[in-house]
Asker: 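Just passing along the structure, written as structure tokens.
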Amino acid sequence: MAAEPRGDYTEKLSARIRKGGVSYMMLAPYFALFFFFTVLPVLISMFFSFTTFDMHSLPQFIGWGNYAKLMLEDDLFITALKNTLIFAVVTGPVSYVLCLLFAWIINEFRGFPRALLTLVFYAPSISGQAYLIWNIILTGDRYGYLNGFLMQMDFIQQAIVWMKTEKYVLPVLIVVQLWLSLGTGFLAFIAGLQTIDKSLYEAGAIDGVKNRWQELWFITLPAIKPQLMFGAVMQITQSFAIADVSLNLAGNPSVNNAGSTIVTFLLDHGGIRFEMGYASAIATVLFGLMVGTNKLVQLLLRRVGS
Amino acid sequence: MAVKVQRGQTFSEYWEFRRSRRARKLNRSRAGNALLFGLMVICGVFMVLPLVMIVNNALKPPEEIFRFPPQIFVRNPTHENFTDLFVLMSNSWVPFSRYILNTLIISGCGTAGHVLCASLAAYPLTKHRFPGAKLLFSMVILSMMFSWTVTQIPNYMIISALGINNTYLAMILPSWSYGLGLYLMKQFMEQIPDSLIESARLDGAGELGVFWRIIMPNVKPAWLTLAIFQFQVLWSNTGSLFLRDEELKPLQYAMQQIAAGGAARAGAAAAVAFVLAAIPITFFLVCQSSILETMTTSGLKE
């Protein structure tokens, strides 16, 4: 876009809009759908969050009522919020750093080893329901791989019922989520790293860059800054949306709600109890958390290397 | 480079320095290599082990699946589990070919429409100048910052209101407007030189002609990438929210029903897990280079 001169702003807006006719025609199919399935739902959700909509009686406007109930009265929501934040604060940054670290190491390889390593790290995130294998690994009796292994090594005497013991639920879910989390952001980093101009490194070495860590900070990271920003969006959004892993491994409801997250809580109220107004308030809180964190991290990342 | 030479270094000294660095890669200490390589191996084993278990479980006979202590690797590989799966599939109430057809229709139409819609919208956003372009694109970026779970409930209402609930369209239409696809497509189109488009216009091509004959062939890696990402999303979707009729449900759903059969079907379930994971991984393997080429332009600039 920057290559072309900016539009002729002496022209009237209406004239410029008329001139853009073909452009708007081409945009129409995508953005019509985008409006119906993305923009409108967000607006509807925000609207209903101020009402008592339950799908069969007319919605009543109750102002901040739903939000007040969420924050002040609903202990289950506070548990879900706390779990989600722990999830996000651990898996978000850790998976982001892991994506970057592995992409950076993989970048040292060429040819077949490179393709193989990319596949090994990326495969879990695309293999859909493959994480259900963790159900077998974590089986609560001695036939589970983890229990069997630990008992053979004499670390434990009795099988541990992993997903039914409150203190293990969240850490185990975090580990599984990390296993799943090297996705689109990871690919963006690998791709970004391979395009860095090699002469930058040679110039850097002459200018006094002494080891790979300095090289990483002063040359590599600034060079892939746009990919860093993109990867952050992918990892953050993912880290707040954790639900399926929890539902399928810890069950719903999980032991003492140890695995409940905002999304499982949302599904519970919207999908099972049809409290649409209340569920909309939950969705809006989640929306605010995701977008807010993303915007904040974008601000921070602009400073990398400066 | 010239800097060093000016600091009183001779050219031969300079080349000596370059060669010694290049023998081992620039700025790479042995200790660092060992540390990072070790870390990579440990984490690599952790990443790959569950996948190895899926493959091995699919090949285990029943007595090996229930065995203490559990063994990761299969002793007597058998294809029994896959034959079991086929038997279960052929006995299903709705013919199994129907589930396969449903998955093909949903992921086929969903993928093709998404690639077309997203490219058609990405072209004017990248190469045309008109009021609102920036606003529209920033809305798309914003949409990548929250997940679909946020809009799930209103989405259900809208799809019911449009009267497409319990049809293929309920799965297909929303998937055409995913934000990530448009974003990747636009970033990839940025690198097509404007002169290419100008010369096509001078030859008398209309905007649709430019799009179809100049832009589309040049963004092939990007549409392969969009197709793969889209396929992965649609492939793993069971459609349980929108599709009620058994005749409309996708393969993923049918497979999960088989796998949910408990201990008696542990073998078939292991085969299901293998199939469900193997297909998207195979697609990625085939298209790996196109995907990585597209991702080089994925950076978020602003």
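Given the structure is predicted, the values throughout are model-derived calculations rather than measurements. To find a chain, count down the sequence lines: A is the first, B the second, and so on, and within it residues start at 1.
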Asker: If you count heavy-atom pairs under 4.5 Å between each of G204(A), P29(A), G231(A), P124(A) and chain B, which one has the most?
Answerer: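 Winner by heavy-atom pair count: P124(A).
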
Asker: Quick one: which of E207(B), E293(B), Q71(B), M40(B) has the most heavy-atom pairs under 4.5 Å with chain A, could you say?
Answerer: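 Most pairs with chain A among the choices: M40(B).
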
Asker: With a 3.5 Å distance limit and no angle check, can you tell me whether S45(A) reaches the backbone of P154(B) through a side-chain donor-acceptor pair?
Answerer: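 Such a contact is absent between S45(A) side chain and P154(B) backbone.
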
Asker: Rounded to the nearest 0.5 Å, how far apart are CE of M157(B) and CZ of F48(A)?
Answerer: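 Reported to 0.5 Å precision, the distance equals 5.0 Å.
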
Asker: Roughly how far apart are N155(B) CG and F37(A) CZ, rounded to 0.5 Å?
Answerer: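 N155(B) atom CG to F37(A) atom CZ measures 6.5 Å (nearest 0.5 Å).
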
Asker: Which atoms of I291(B) are under 4.5 Å from chain A, going by heavy atoms: the side chain, the backbone, both sets, or neither?
Answerer: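 Answer is side chain: those atoms of I291(B) sit under 4.5 Å from chain A.
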
Asker: Using a cut-off of under 4.5 Å on heavy-atom pairs, state which of L182(B), I228(B), L184(B), L49(B) scores highest against chain A.
Answerer: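 Option with the top pair count is L182(B).
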
Asker: Can you tell which of P174(B), A278(B), C117(B), P280(B) has the highest number of heavy-atom pairs within less than 4.5 Å of chain A?
Answerer: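 Result: the option with the highest number of such pairs is P174(B).
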
Asker: Heavy-atom distances under 4.5 Å only: say whether F274(B) touches chain A with side chain, backbone, both or neither.
Answerer: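 Neither part, no heavy atoms under 4.5 Å.
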
Asker: Closer than 3.5 angstrom, by distance alone: can the side chain of Y30(A) be matched with the main-chain N or O of Y178(B) as a donor-acceptor pair?
Answerer: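 Yes, because the side chain of Y30(A) sits within donor-acceptor range (under 3.5 Å) of the backbone of Y178(B).
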
Asker: What part of L132(A) lies closer than 4.5 angstrom to a heavy atom of chain B: side chain, backbone, both or neither?
Answerer: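 When you check distances to chain B, no heavy atom of L132(A) falls under 4.5 Å.
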
Asker: Other residues, nucleotides and ligands only: do more than 12 of their heavy atoms fall within 6.0 Å of CH2 on W212(B)?
Answerer: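 12 or below, so no.
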
